[in-house]
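Because the structure is predicted, anything quoted here is derived from the model rather than measured. Order of the sequence lines fixes the chain letters, A, B, ..., with proteins taken first and strands second; residue numbering starts at 1 for each chain.
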Amino acid sequence: MSEEEVKQQERGEHEDPMVTRRRKIDELVAEGVQPYASGYQPDSRSADLNKTYEGLEPGTETQDIVTVAGRIVAKRNQGKMGFYVIRDAQGDLQLFVRKNVIGDEAYDSAKNLDLGDWIYAKGNVLRSRRGELSVQPTEIVLLSKSLRPLPEKFHGLTDTETRYRQRYVDLIANPEVRSTFKTRFEIIAAIRAFMATRGYLEVETPMLHPIPGGAAARPFITHHNTLDMPLYLRIAPELYLKRLLVGGFERVFEINRSFRNEGMDPRHNPEFTMIEAYQAFGNMESMMELVESLIVSVTTEVIGTTDVEYQGTQVSLAAPWRRAKMADLVSERVGEKVDTHTDIKTMRALCEKFEIEFDESYGSGKLLTELFDELVESTIVEPTFVYEYPAEVSPLSRRNDEDPDVCDRFELFITGREFANAFSELNDPLDQRARFEEQARAKDAGDEEAMWIDEDYLRAQEYGMPPAGGMGIGVDRLVMLLTDAPSIRDVLLFPHMRPEA
RNA sequence: GGACCGUUAGCUCAGCUGGCAGAGCAGGGGACUCUUAAUCCCAAGGUCGUAGGUUCGAUCCCUACACGGUCCA
């Protein structure tokens, strides 16, 4: 190694960036500086300042002293002055650091700061000649030293794996990601506010279920040590919410996580957020009104319009929404009149014609549903209530009074995807028992998603549940629609991932 | 579970028909008192996802595996 190379190494020129930053911490500590200081509270935030000083002319300086804090995301040193951009929860703000204002020693310390460091600064407000609102510090305090280099300033962080695994870095580097999640939580707040205006009480029911119920899905299983018994993460809150109707609550809703032990893809995460709501004396019709009003209201409030663009497709969410019977939609698509009463040979032939797999155990109702799922669902772009679901696939729904083979149930489809599921609730304990028993037979026959018999739920119904309407909306999907997110992972802060390689 | 695509410096990406591994940004040194993807000069930075194979020689071709993405079941 040459003498020059030795000198370079001593100056840290060959160091890994993390080593360089560790060295800077050691140097600060040696100087008596705490690299993780506490007790500094900024009195101003970036966007607030920009608003307050909106009219400040370029090149003018105020004597207003403010304190600010944030993470350094850009540093442009220029001899005896420098421009440091700090990012706080509201956005970015420029610090105009001048050697003759802050002093020689503090200026050199500031030059030693790294991108990613959290700092606090005190100084007067001015607008630079180039028009950027700035704070001109007389004091800068390091609040938290960053040991890892930030992603590239211009392109940000694009690697999907890193973005999902290290969402904190994604949030630092990509401001639009922060904006997406802000919208997510505004949507959820707006849903809560809307439900409150409708007189619904937000409740909490168990997430650990002794019997998983309320949906057709495989559950996660866990174990209670003290009781030495299996417990299941809930696949839906439905059966507990309806027990509350039995108890006399007339309008309840719950908005929280459910868990399904299924595959992961751009629309499914093992844990996801749903709102479910139940209204005594309501029915399918009142649930259509509720779902439509809720989505229109929340959309208008959060994004300011009912015209949305999702992945290049324009969609109007303006009410009223189209209503169509499942059997009519399928008939139209397959070119012949079919419904739940069509003989099973015809239905099987249609499935074969369209290359749809089915099981021998499926009745005409389930075959109709398969045809709908495969041939029609993805073609529905504008909001559409598809109703009259076969009773065969609706074990918790009330039968239609005129045609007991179908239920007063609908699903809402937008952009080819299911957004909501709702129905007049089945409150006849005798019919409910029969439906559960049918499910139990399917389970015995190997259907892993078939429902279990929940004796306590039946007992509750035997006390009498008022007639009711109930609905569930997939909140993650609604957020995807309103933020134009292609994948559910883009609207979940910490999507589920395999362990790192 | 299957098909296809991807994995190269901290980040964003090049890398031709198999022949010594490239750039920009970030980081280091220097110049610069109105920049905002600042600019200019200098120096540095790599187990090419992992493990095998073919070859005189592999980032490149082949196989397996891992992780990610999309589509399908």
Side-chain angles (χ1 to χ4, degrees), chain A residues 1-24 27 46 50 57-61 72-87 91-104 107 110-117 126-137 145-166 169-170 172-174 262-268 311 355-359 370 373-374 378 416 486-490 495-501:
Chain A
M1 202 185 288
S2 74
E3 227 173 275
E4 179 56 22
E5 280 171 329
V6 172
K7 278 184 192 165
Q8 285 175 347
Q9 194 156 50
E10 280 167 2
R11 291 200 299 261
E13 291 181 22
H14 296 269
E15 279 176 353
D16 179 273
M18 280 193 70
V19 174
T20 306
R21 293 187 180 203
R22 283 294 299 271
R23 187 169 48 75
K24 286 182 180 177
E27 287 166 8
S46 59
N50 268 297
E57 291 296 318
T60 51
E61 189 170 339
I72 302 175
V73 293
K75 217 175 112 181
R76 294 182 289 274
N77 269 104
Q78 203 170 314
K80 297 182 175 63
M81 54 174 285
F83 299 94
Y84 293 43
V85 179
I86 62 170
R87 180 167 296 169
D92 293 351
L93 180 70
Q94 179 169 275
L95 300 184
F96 185 12
V97 186
R98 297 168 79 186
K99 195 167 186 173
N100 61 343
V101 172
I102 199 168
D104 293 358
Y107 186 77
K111 274 174 79 172
N112 236 346
L113 293 167
D114 286 300
L115 297 189
D117 290 353
L126 58 83
R127 189 174 294 281
S128 73
R129 285 178 211 158
R130 293 295 186 90
E132 188 77 28
L133 190 78
S134 312
V135 169
Q136 182 174 238
K145 185 72 192 166
S146 168
L147 288 177
R148 291 179 183 269
L150 289 180
E152 203 237 5
K153 63 182 173 187
F154 186 60
H155 298 91
L157 178 68
T158 63
D159 180 69
T160 47
E161 186 169 354
T162 311
R163 288 188 47 226
Y164 297 153
R165 283 193 201 281
Q166 302 181 43
V169 181
D170 191 26
I172 294 167
N174 300 318
E262 290 158 1
M264 292 145 57
D265 63 40
R267 294 179 209 183
H268 298 88
Q311 300 297 296
E355 297 178 330
I356 296 165
E357 287 181 25
F358 60 88
D359 191 88
E370 291 290 322
D373 289 349
E374 295 297 323
S378 64
S487 169
I488 193 171
R489 290 188 169 98
D490 296 321
H496 189 72
M497 302 286 277
R498 284 177 201 270
E500 278 183 68

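Here the side chain of A:R98 pairs no donor or acceptor atom with the backbone of A:Q136 at under 3.5 angstrom.
Out of B:C32, B:C67, B:U70, the shortest distance to the side chain of A:R165 is found at B:C67. Of the candidate nucleotides B:U33, B:G69, B:U36, B:G69 has the atom nearest to the side chain of A:R489.
OP1 or OP2 of B:U39 has not a single side-chain nitrogen or oxygen of A:R76 nearer than 4.0 Å. Listed pair A:K24 / B:G28 meets the phosphate criterion, a side-chain N or O lying under 4.0 Å from OP1 or OP2.
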Can you pull every protein N or O that's under 3.5 Å from an N or O on nucleotides 5-13 of chain B?
from  : atom 1 : to     : atom 2 : distance (Å)
B:C11 : O2'    : A:E152 : N      : 2.9
B:C11 : O2'    : A:G156 : O      : 3.2
B:U12 : OP1    : A:T158 : N      : 3.0
B:U12 : OP1    : A:T158 : OG1    : 3.3
B:U12 : OP1    : A:D159 : N      : 2.9
B:U12 : O3'    : A:T158 : OG1    : 3.3

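Taking A:E374 as the reference, nothing meets the salt bridge (Lys or Arg N to Asp or Glu O under 4.0 Å) condition, with sequence neighbours excluded. The ring-ring contact (aromatic ring centres under 6.0 Å, His included) search around A:Y164 returns none, not counting sequence neighbours. Evaluation of the salt bridge (Lys or Arg N to Asp or Glu O under 4.0 Å) rule for A:K145 yields A:D114, A:D117 as partners, not counting sequence neighbours. Qualifying side-chain hydrogen bond (donor to acceptor under 3.5 Å, both in side chains) partners for A:S146, counting only residues two or more places apart in sequence or in other chains: A:R21. Every residue meeting the ring-ring contact (aromatic ring centres under 6.0 Å, His included) condition with A:F96, not counting sequence neighbours, appears here in chain and number order: A:F83.
To the nearest whole angstrom, the two C1' atoms, one in B:A14 and one in B:C48, are 13 Å apart.
Of the nucleotides present, B:U63 is the one that pairs with B:A51 by Watson-Crick or G-U wobble criteria, both distances under 3.5 Å. The partner of B:C13, taking Watson-Crick or G-U wobble pairs whose two distances both stay under 3.5 Å, is B:G22. When both pairing distances are held under 3.5 Å, B:A58 makes no Watson-Crick or G-U pair with any nucleotide shown.
Residue-level contact check: A:Y164 touches the backbone only, with heavy atoms under 4.0 Å from sugar-phosphate atoms and none from bases.
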